[in-house]
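A short write-up of the structure that comes next.
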Amino acid sequence: MVRVRFAPSPTGYLHVGNARTALFNYLFASKNFGRFIIRIEDTDTERSKKEYEESIIEDLKWLGLSWDEGPDVGGPFGPYRQTERLHLYREYSSRLLSEGKAYRCWCTKEEIEKRHLSRHQQDSGYDNYCRNLSDSQIARFEAEGRTPVIRFRVPEKKVVVNDIIRGPVTFEAGTLNDFVIMKSNNIPTFHFAVVIDDLTMQITHVIRGEDHLSNTPKHILIFEALGYNPPEFAHMSMTLGPDRTRLSKRHGATSVRQYREKGYLAEAMFNYLALLGWSSKNNQEIFSKQQLIEEFSLQACNKSNAIFDPAKLLWLNTLYLRSKPSSEIFELSIPFFEKTGYNKSDLEQHRKVIEKVIDVEKEKLKTLQDVQERTGYFISETILWNPEVAEKFKNPEFAKIFSEIRDILNAVQPFEKSHIEAAIRNFCETKNLKTGEVFHPLRFVLSGQTKGPGLFDLIELLGKQRCIKRIENFLGLKRHNL
RNA sequence: GCCCCCAUCGACUAGCGGCCCAGGUCACCACUCUUUCAAGGUGGUAGCGCCGGUUCGAUUCCGGCUGGGGGCGCCA
């Protein structure tokens, strides 16, 4: 049975790069009818926050992932938070200690650094100083009241990582320093906790970012020291920003939360993330979740890093948005309306109109935010005219045109698109006016916008009363300013 | 300083020795459609990092170089 895990540390919102890692794990598990596990790596007690854990879980769910075991749903291999499994790490570390595969180290950061500098920085880091201390040296450190860390005794040997994506990668373990597995506060380091958890949770495949490839020999060594076979490894390429450095805040939105708040759909993000570093055999790009699960394979993953391209994400978003029924788009965009001051019951009242507007504007929508921007003036009583644009239409000729159109609209019966169009076109013809000369100004007066649905859709959806009122208001405004 | 990974259009990628004077998608540009903004349609610009091998033949295999990324923490 395939068992994979996504193991975020709750030190921030879910990063899109991590979301991609989670997604690949999910796809791999689903494809192989395996289990997908969420584990919270909160051993960095300084930076870990409960709120972040909750937000990460929430965003993973929003993305459309689900898991079989995790801190929120439990499972047979729990608990699923590392801070709740401390006894396990302590148990395994004392075993390594008693077998001589690990040892206590009393060196301070300063001492290690000092010795490092004196070596002219020919290498890096710790010099295995405490590897073979005499009893009296140990006694002296203890007398000084120092609290030790536990370090892993790294053997001199070759370690081969048989990576599913990259093939065999060979490391010379001798070039590694004896690394810390238990901190002086008796909490495991990442390298130790992952191994113990992957071991005890019976993880079969470790799918993670390439940034962990260089650390994998450490993990394998610990598995071996404990007498177990390591799981399979697959190191996926990293997600970079446009400047080819790690995707970070400088590059703009980096968390799935931010994209969600900008009006992106989960389906679009899901699909886009899958396309980063993976491609299907026939180069298909648009996938449903189910198709993705069927098509996905680790072997088809690209080895080179990928740049996160918001433009392509946006394109997918327009596609998914367009494919949704207007009623669903309405529901999804409620939070965005609320942000601009509408409340839910107002919106329910205007639901019919909003959905109709969505119908005629759907192909223009890029994000859920656009829904509010493109429909707001249909439901608000008053609108504002951009003074600069308005200026152009503040003259007697336009005043005459607008007031005549007001009368025409007032007379249209029934107030429907085709009748409205006929009436206005007829007006243009009899007055010998080009349609463009009338349509554009009229759109502006009625909506305050220079973009929107077709003019006659606009008028019908606005309704007779609103149209007349807006024209009159505009004319009144004009008189005031003259 | 040491170690590891990677290398096809601006971006994501296809290519697994001849089918490739390199295909698709996004972006971009042009044209078209059009009452606005879009969308759509049509077309286009643009790429195998460099140098050596191997081979009858290299984008594809090997080596080096260069470039990019990552790791070497009592962060994860």
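Letters A, B, ... mirror the listed sequences (proteins, then strands); counts begin at 1.
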Most 5' of A:K451 and A:L213 on RNA chain B, judged by nearest nucleotide: A:L213
Using atom C1' in both nucleotides, what's the gap between B:A76 and B:G71 to the nearest angstrom? 13 Å
A:V180: side chain to side chain contact (heavy atoms under 4.5 Å, CB included) partners, not counting sequence neighbours: A:V149, A:R151, A:T189
Heavy-atom side-chain contact between A:L365 and A:R374 under 4.5 Å: yes
Min side-chain heavy-atom separation A:K434-A:F439 under 4.5 Å: no
Would you mind pulling out the nucleotide paired to B:C19, Watson-Crick or G-U wobble, both distances under 3.5 Å? none
Do the side chains of A:F233 and A:I207 get nearer than 4.5 Å, heavy atoms only? no
What integer number of Å spans the C1' atoms of B:U42 and B:C48? 29 Å
What distance, rounded to whole Å, do you find between the two P atoms, one in B:C6 and one in B:A22? 27 Å
With A:K262 as the cation and A:Y259 as the aromatic partner, state whether NZ or CZ is under 6.0 Å from the six-membered ring centre and within 45° of the axis. yes
What's A:R374 touching, base or sugar-phosphate or nothing? Going by heavy atoms closer than 4.0 Å. base
For B:C51 versus B:U59, give the span between their P atoms, rounded off to a whole number of Å. 12 Å
Counting any heavy atom closer than 4.0 Å, what does A:C428 reach on the DNA or RNA strands: base, sugar-phosphate only, or nothing? nothing
Please tell me which of the listed nucleotides, B:U13, B:A76, B:U25, lies nearest to the side chain of A:A306? B:U13
Are side-chain heavy atoms of A:Y103 and A:D178 found at a separation under 4.5 Å? yes
Can you find a heavy atom in the side chain of A:R39 that is under 4.5 Å from one in the side chain of A:V194? yes
Give a yes or no on whether a donor-acceptor pair under 3.5 Å exists between the nucleobase atoms of B:C74, that is its base, and the side chain of A:S184. yes
Tabulate atom names and distances for all N/O pairs under 3.5 angstrom spanning the protein and nucleotides 66-69 of chain B.
{"from": "B:G69", "atom 1": "O2'", "to": "A:N305", "atom 2": "ND2", "distance (Å)": "2.9"}

Heavy atoms, side chains only, cut-off 4.5 Å: are A:E41 and A:R81 in contact? no
Please classify the nucleic acid contact of A:G454 as base, sugar-phosphate, or nothing, using heavy-atom distances under 4.0 Å. base
Report which part of the nucleic acid A:H191 touches: base, sugar-phosphate, or nothing (heavy-atom distance under 4.0 Å, all strands). base
Determine which nucleotide pairs with B:G52, using a 3.5 Å limit on both distances of a Watson-Crick or G-U wobble pair. B:C62
Across the strands shown, which category fits A:N215 at heavy-atom distances under 4.0 angstrom: base, sugar-phosphate, nothing? base
With A:K289 as the cation and A:F270 as the aromatic partner, state whether NZ or CZ is under 6.0 Å from the six-membered ring centre and within 45° of the axis. yes
Of A:D42 and A:P168, the one whose nearest nucleotide on RNA chain B sits closer to the 5' end is A:P168
Would you say A:T175 places a side-chain N or O within less than 4.0 Å of OP1 or OP2 belonging to B:C72? no
Whom does B:C75 pair with, Watson-Crick or G-U wobble, provided both distances fall under 3.5 Å? none
Separation of atom CD in A:Q299 from atom P in B:C16, rounded to whole Å: 17 Å
B:C33 and B:G69, which share atom name P, separated by this distance in whole Å: 48 Å
Please evaluate the base of B:C37 for a donor-acceptor partner in the side chain of A:K364 within a cut-off of under 3.5 Å? yes
Any strand, both distances under 3.5 Å, Watson-Crick or G-U wobble: B:G10 pairs with B:C26
Between A:F152 and A:K101, is there a cation-pi geometry (under 6.0 Å to ring centre, at most 45° from the normal)? no
Cationic tip of A:R406 within the cone over A:F402's six-membered ring, i.e. under 6.0 Å and within 45° of the normal? no
How is A:F456 classified with respect to the nucleic acid when contacts are heavy atoms under 4.0 Å: base, sugar-phosphate, or nothing? base
Remember a base hit wins even if backbone is also touched, and classify A:S48 as base, sugar-phosphate or nothing at under 4.0 Å, heavy atoms. nothing
Nucleotides 61-65 of chain B: which of its N/O atoms have a protein N/O under 3.5 Å away?
none

Fit a plane to each ring of A:F444 and A:F393, take the angle between them on a 0 to 90° scale, and name the class: parallel (under 30°), tilted (30 to 60°) or perpendicular (over 60°). tilted
Measuring only the C1' atom in each nucleotide, how far is B:G53 from B:G10? A whole number of Å is fine. 33 Å
Whole angstrom is fine here: how far is it from CZ in A:F308 over to P in B:A27? 15 Å
Counting only Watson-Crick pairs (N1-N3 plus N6-O4 or O6-N4) and G-U wobbles (N1-O2, O6-N3), all under 3.5 Å, who is the partner of B:A39? none
B:G23 versus B:G43 - spacing of their P atoms, nearest Å: 14 Å
Taking only the C1' atom of each, what is the distance from B:G68 to B:C75 in whole angstrom? 24 Å
